[in-house]
There are 2 protein chains.
Amino acid sequence: MGRLDRSLINSLPLFAGIAPADLDKILESATSRRIAKDGFVFEQGGEATSFFVLLDGRVRVVKTTPDGQQVIVRYIVPGEVLGIAQALGRNTYPASAIAVVDCVVLAWPGRQWPEFAAAFPSFGTNTYKMIGQRLDDVQTQVVEMATEQVERRVAHALLRLTQQTGKKSSEGILIDFPISRQDIAEMTGTTLHTVSRLLTAWEQKGLVKSARQQVTIVAPHRLLLLAEGRLDKD
Amino acid sequence: MGRLDRSLINSLPLFAGIAPADLDKILESATSRRIAKDGFVFEQGGEATSFFVLLDGRVRVVKTTPDGQQVIVRYIVPGEVLGIAQALGRNTYPASAIAVVDCVVLAWPGRQWPEFAAAFPSFGTNTYKMIGQRLDDVQTQVVEMATEQVERRVAHALLRLTQQTGKKSSEGILIDFPISRQDIAEMTGTTLHTVSRLLTAWEQKGLVKSARQQVTIVAPHRLLLLAEGRLDKD
DNA sequence: CGAGGAGTTGACGTTGGTCAATAAATGTGG
DNA sequence: CCACATTTATTGACCAACGTCAACTCCTCG
């Protein structure tokens, strides 16, 4: 089996402060895995056998309700961990993770997590810092959903995506993976129809440009004003 | 200063698996504090100097938006930790914690958290398990807010409260602390008017009984059916 | 070239928010 | 202990936001 080079991970925040020799040791128990577009990294309810680091691609984390409705909890970009159920004492995945494009992940056996955390304290600290960040993110999302109406929620969602995966283009900031109106609706608790109407309205005002599975933020600052409810209506 | 007895904490899940002698050591750096009704345990944005365990009373954790709207993130009952910002690498509290009734808390200096976690591994594990549970709770809440309409959200909120703080009474299960229509609205992202209308409608159907700052669930099972959307309309 | 997925747009209806008036309960000061 | 202020709750009237339904277009892929 091909040996994994520590250059794959040595610049990731998760592994900050770990000696090169230790990184090699950590990598010994990792396997790399390719996930084709639309494939599952893991499935909601499935036994949490592994945890992962995304090396390349984009992953969508989705919760499905008993009656089949889906909510996109977050998008994962390269360098982030996913499937950390065991770090939190769970033995089943609370959501599904789906490759938005072809992806490469590193996978570790879940039961190795406690060993790593014990052997490399900064590994534990870094993970929990990240979990703290996520807890905060999702609480902020609850507040948004409770207090803002749809237009502002969608604006916030797009702005968050540009922060995470924005790519400068000639026209503005491009959200750098295929994303449909339906996806945006599932991030914000609305319908694809409403998202479609919003995007065309915004396009007419010169805030965004959109195409099939693609959104570019043309005027991020004005969109932020709108998201914050401080933009004059017209 | 009065010595704290380990019987205060030795039955709490957070301290499960820690030797009695160690509990005494942990208690040495704790101080107990009384918080009068409506007083703050800590305030959103304030420097995270301490973390707490609630010994008695009820605490409401609230996030306030820049424009002054409030969202109740969760209620804390005796035995639970709160203000664990530092365990997650934060140095400022992300929300405010307010005593719903007169409360007693134990407080530790925040910087002691890493020491405890290092010295007593089960302490760290237990905390992170609890954080994992909370992360899951709040994600579930996002899903609810995204997919359910108000009536079901309010029903779910009340049911969750009965799980947490329900007290059997002659009429049903009483939510055992003062809670206003406004509070319920802030938990579910609606208005006190809508909550009021729902409660009177439910009272007529015999699902609940309510009074000023008080709600009793009379028919939990039927309310659950309603929350799950499996109750016939009438 | 045909089929299926993604997007747009109009018409319409409902949920639930806003506004306003009133009532009931609780607290406070004289 | 009573009068008055304040907080909490109720209820009606109205209406806007946004979801639902439906028809149609445009890509993209096989």
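Computed from a prediction, not measured in an experiment: that's the story for all the values here. By convention in this document, chain letters (A, B, ...) are assigned in the order of the sequence lines, proteins followed by strands, and residues within each chain are numbered from 1.
The distance between atom CD of E151(B) and atom P of dT14(C), rounded to the nearest whole Å, is 16 Å. Distance E186(A) CD to dG7(C) C1': 15 Å, rounded to the nearest Å. Between Q214(B) atom CD and dA9(D) atom C1' the separation is 14 Å, expressed in whole Å. Atom-to-atom, CZ of R181(A) to C1' of dT8(C) comes out at 9 Å; the value is rounded to the nearest Å. Distance CG (L198(B)) to P (dT10(D)): 11 Å, rounded to an integer number of Å. If you measure from atom CG of D38(A) to atom C1' of dC29(D), you get 14 Å, rounded to the nearest angstrom. Here dA22(D) presents its P atom at 15 Å from CG of L192(A), a figure rounded to the nearest Å. For the pair W202(B) CH2 and dA9(D) C1', the interatomic distance rounds to 16 Å; values are reported in whole Å.
The phosphate of dG16(C) (OP1 or OP2) has no side-chain N or O of T191(B) nearer than 4.0 angstrom. A close approach under 4.0 Å does occur between a side-chain nitrogen or oxygen of S196(A) and OP1 or OP2 of dT8(C).
With respect to the salt-bridge test (charged N to carboxylate O, under 4.0 angstrom), the residues R90(A) and D136(B) qualify.
Side-chain contact check for Q86(A) and W108(A): no donor-acceptor pair (N or O, by modelled atom type) lies under 3.5 Å. A donor-acceptor pair shorter than 3.5 Å can be found between the side chains of S180(A) and D183(A).
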Does S210(A) form a side chain to side chain donor-acceptor pair (under 3.5 Å) with R181(A)? I'd like the steps, not just the answer. CA-CA 10 Å; S210(A) 71; R181(A) 310 292 184 264; 3.2 Å; yes
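Remark on DNA chain D: of its neighbouring residues R197(B) and Q213(B), the 5'-side contact belongs to Q213(B), judged by nearest-heavy-atom nucleotide.
Between F177(A) and Y75(A), the ring planes lie tilted relative to each other; the angle falls in the 30° to 60° range.
Of the candidates dT26(C), dC18(D), dT15(C), dT26(C) carries the atom nearest the R212(B) side chain, counting heavy atoms from C-beta on. Picking from dT10(D), dG16(C), dG19(D) the nucleotide with the shortest atom distance to the side chain of Q149(B) gives dG16(C). Comparing dT8(C), dT10(D), dG19(D) by their nearest atom to the side chain of H193(A) picks out dT8(C). Of the listed nucleotides (dT10(D), dA9(D), dG19(D)), dG19(D) has the atom at the smallest distance from the side chain of T194(A).
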